[in-house]
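Working notes for the structure below.
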Amino acid sequence: MTTVDEKLLKPYNPKNTEERIYKLWEDSGFFNPDVCVEKGVTQKDAKPFSIVLPPPNVTGNLHTGHALMLVIQDIMVRYARMQGKKTLWLPGTDHAAIATQSKVEKLLEKEGIKKNDLGRAEFLKRVEKFAQDSHDTIVNQCKKMGASLDWSREAFTLDEKRNLAVKTAFKQMYDDGLIYRGNRMVNWDPKGQTVISDDEIVYEERKSKFYTFKYGPFNISTVRPETKFGDKYVVMHPDDKRYEKYKDGEQFELEWINGKITATIIKDKNIDMEFGTGVMTITPWHSSVDFEIAEKHKLDKEQIIDKYGKLLPIAGEFAGMKIADAREKIADKLKAKGLLVSIDENYVNRVATAERTGGMIEPQIMLQWFIDVNKKIPSRGNKSLKELMLEPVRESKIKIIPNYFEKVYFNWIENLHDWCISRQIWYGHRIPVWYKGKEIFVGMEEPDGEGWVQDEDTLDTWFSSGLWTFSTLGWPDATKDLKTYHPTTVLETGHDILFFWIARMILMSQYLLGEVPFENVYLHGMVRTADGKKMSKSLGEKAIDPLSIIAKYGNDALRMSMVVGNTPGNDLKLNENDIRGYGKFTNKIWNASRFVFEQTKGLDATNLPSLDEEDLISQKELENLLKEVSKEMDEFRFSIVAEKLYHYFWHTFADIIIERSKEKILKNNNAKEIQSAKALLYTQLTTLLKALHPFMPFVTEEIWSMMPIENKNLLMVEKWPFDSAQDKPDDNH
RNA sequence: GCGCGAUUAGCUCAGUUGGUAGAGCAGGAUGUUUACACCAUCAAGGUCGUAGGUUCGAGUCCUACAUCGCGCACCA
């Protein structure tokens, strides 16, 4: 065993410290608020503070984005815990249905295995194995990050309890008529063989050939000749003078791809007179805009392309061909018939692709399950889900930080369509619906009787994520946790999932529980590299790996670099230079503590000498600082707090107070001054360790462990040195 | 097309009811004093994107524009 003195003689070594300290915390049980109450560090009737961890996807490692979220949340949680609140930070992971499944599919592909070769059950086993491994890695990494998460309450979006919550929610929504099955326009991913949501689409700008063809007396333009087989309606604006002589409903014959067809003229205000020729034909089965026009005018809809992206028999000689092959050939045929007017080779349009598989989206009309966001719900004051989502943000029951995101939120909700929740993938919550002939049963378990077959599809992963704030607390059971910790205090996450996730949590909680899921939403920015690139896997070597940074400079240094200069909503450029700087600061704290220890040996901490006038002023200054930063902590302004504490420690405590104490202690022989200086050193150090702890938990806890205090607790459950409620410094120091 | 954000010292960023511009890093000079060279002291560095407006007073509020970034919609 090294003695305290020996350990302090060397520079601070995070590597040898952090693992040991985390174990100390974990073994203490203080991450669990129940233990805190049991052991008397938290009052039984203390105010609760709760955060649910945005569950990382079980698709691999933690990246800097996760690290950032863990750091910010850990700061909030440690601060709350030190304030004596009943503090719960609840961990978990997300099965991330489509993301995980496609990842495993890709891995299997490398072995030359296709998922259909394995079959559903065997494939799911593989996915579960992969998910389990990822989960273990993630938990490990969270611990390395110093996250004070209550592991005893850990949850998984696809475990049994969460499945019960999902089925309960589904059934209730179905019974209320909010969930329905219908033929609607959806985004079909032919590559992934599943429907995806609008939010899972990534638009890519591409150059495409823009063909203009003769269509009877009109010229029409398209980038997709292969969809034109079923086009028997030609649409133009009712006010377009050029086409005045044509009447709505008028029919005419024309020569088209596979011979003569009859076309009908439709007048519709949705047509942009300025675009192209101002005339277009419509393909209602494969375009949502065309679909709307067709619905409005009650027109026929025909499917042209199947779910594998191949042309159907309607295409005649082109039937069975893939889109890409057919396109050029069809254009050639029209050209041969003398119907091609022109080709614009430089036309740029946006192509919808699937985020996970990269496949090109083919809009299709399909039988799927949807959540109706506009239907009035009698049991909820006759409000629609949309209204239930808008209300709490409008009425400030939910505060979004930074608040300009509220506008973005409103904008999104107002344009919200019904939410398609069924997915044709295997990994996920199976839809709790059984069919027998024409009968449908929706419930928690397969109904009695022979011949019931469960729906093959699974639910959109965000359906279960939407329940996260309360499914993790035991819902649908009325648990004590649910009562104590819901609504949660803060939801902290990246602004990129405002719609995916935050909106859906509000929807689910408002509808199922009749309350908000959280009182505050803190949105952090994206982590970028020093040259401004988004930190992602495609960057390879250039991406900063949080764990290797920790190995190099220590966790506390990484944490500080992620907090200082990082304000809500703004992107953070992570720069190794800065991290190195905070590594130096960590050591500065270490060395300053050594000096204080040396000088204050033998001092009776329970009965400190009184301060002289000069030192009293210094003490007052620190108290003022604490008052300031406590207010800023309450307002989630962590960047400024970290900066102020950093600055005070280095340039006031170390540069002024320690230097002054040298004068007094080492060169002076006025006993009263010497005693005062020692008392001040001691007081300030203990206070600063506490104030710094949420930001730099490891080094502060390590130094705290060496403080000569009888029967002391861990620093993580010491009292925060300023009592905001009473507006006075906590006299515990 | 609609909307949002950013524009402040060489770099990265703070700057919350409008009241004489702040920090870190980098760079410069000096020093090695007994916690710390993972150090100290000192100095330098900004007409706060542009143009107007409101005001006794604007980095902060308003209008327009420019550049960069982002979101949404459209794309026949």
Side-chain angles (χ1 to χ4, degrees), chain A residues 8-12 198-199 203 205 208 210-213 215 218-224 227-228 231 234-236 270-272 274-283 287-290 293 347-352 402 404-412 414-415 495-496 498-499 525-526 528 530-532 534 553-554 557 560-561 564-567 569-599 631-632 635 637 639-640 642-644 646-647 650-651 654-655 658-659 661-663 665-667 681 685:
Chain A
L8 267 170
L9 279 177
K10 293 178 188 142
Y12 176 63
D198 291 348
D199 308 297
Y203 290 95
E205 293 235 315
S208 319
F210 191 51
Y211 302 92
T212 301
F213 300 115
Y215 188 84
F218 306 104
N219 282 346
I220 58 143
S221 301
T222 182
V223 286
R224 304 200 57 190
T227 63
K228 296 286 141 195
D231 289 15
V234 58
V235 193
M236 59 210 74
N270 273 343
I271 299 295
D272 180 359
E274 308 291 316
F275 191 93
T277 59
V279 184
M280 72 174 204
T281 60
I282 57 168
T283 315
S287 155
S288 53
V289 177
D290 296 4
I293 294 175
Y347 183 75
V348 177
N349 68 339
R350 290 201 323 177
V351 179
Y404 58 76
F405 272 104
E406 292 183 358
K407 256 189 200 169
V408 184
Y409 178 80
F410 292 139
N411 196 310
W412 184 81
E414 275 150 23
N415 294 316
H495 62 69
D496 52 335
L498 180 64
F499 308 136
M526 306 293 103
R528 293 178 185 279
D531 54 359
K534 194 171 171 181
Y553 303 105
M560 282 299 276
S561 72
V564 177
N566 182 11
T567 47
N570 291 321
D571 289 352
L572 169 72
K573 278 184 194 158
L574 201 59
N575 180 333
E576 198 164 335
N577 244 337
D578 292 348
I579 305 170
R580 190 181 304 123
Y582 292 113
K584 289 184 187 177
F585 178 55
T586 314
N587 199 49
K588 184 82 183 174
I589 298 174
W590 186 255
N591 286 318
S593 302
R594 176 196 305 156
F595 179 83
V596 174
F597 282 159
E598 279 169 2
Q599 299 307 324
K631 183 165 179 277
E632 283 156 349
E635 292 166 355
R637 304 176 60 217
S639 169
I640 206 143
E643 198 181 318
K644 278 182 181 172
Y646 173 98
H647 205 256
W650 202 309
H651 300 297
D655 289 350
I658 288 188
E659 290 308 316
S661 78
K662 284 180 192 170
E663 294 279 320
I665 297 169
L666 303 171
K667 291 181 184 153
L681 286 178
L685 179 67

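Chain naming here is simple, since letters A, B, ... match the order of the sequence lines and numbering starts at 1 in each. The shown structure was predicted, so the numbers you read here are calculated from the model rather than taken from an experiment.
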Among all residues two or more places apart in sequence or in another chain, which pass the side-chain contact (heavy atoms from CB on, under 4.5 Å) test with A:T283?
A:T227, A:K228, A:D231, A:H286, A:D290, A:I304
Under the ring-ring contact (aromatic ring centres under 6.0 Å, His included) test, which residues partner A:F210, sequence neighbours left out?
A:Y347
Going by side-chain contact (heavy atoms from CB on, under 4.5 Å), name the residues that satisfy it together with A:E635, two or more places apart in sequence or in a different chain.
A:K631, A:R637
Residues at least two apart in sequence or cross-chain that pass ring-ring contact (aromatic ring centres under 6.0 Å, His included) with A:Y553, listed by chain then number, are none
With sequence neighbours excluded, residues passing side-chain contact (heavy atoms from CB on, under 4.5 Å) with A:A654:
A:K588
What string of B, S and - do you get for nucleotides 38-43 of chain B, 5' to 3', if B is base contact, S is sugar-phosphate-only contact and - is no contact with any protein heavy atom under 4.0 Å?
BSSS--
I need the CD-C1' distance between A:E274 and B:C74, as an integer number of Å.
14 Å
Counterpart residues, side-chain contact (heavy atoms from CB on, under 4.5 Å), relative to A:I271 (two or more places apart)
A:V235, A:H237, A:M280
Taken in chain and number order and not counting sequence neighbours, the residues that satisfy side chain to side chain donor-acceptor pair (under 3.5 Å) with A:D571 are A:R528
Stem segments of RNA chain B by first residue number [Watson-Crick or G-U, under 3.5 Å, at least 3]
B:1-7 with B:66-72, B:10-13 with B:22-25, B:28-31 with B:39-42, B:49-53 with B:61-65
Considering residues at least two apart in sequence or located in another chain, which fulfil the ring-ring contact (aromatic ring centres under 6.0 Å, His included) criterion with A:F218?
A:Y243, A:Y246, A:F252
Tell me, for nucleotides 3-11 of chain B in 5' to 3' order, what letter each nucleotide earns: B for a base near a protein heavy atom under 4.0 Å, S for only sugar-phosphate near one, - for neither?
-SS------
Residue set satisfying ring-ring contact (aromatic ring centres under 6.0 Å, His included) with A:Y404, at least two apart, ordered chain then number -> none
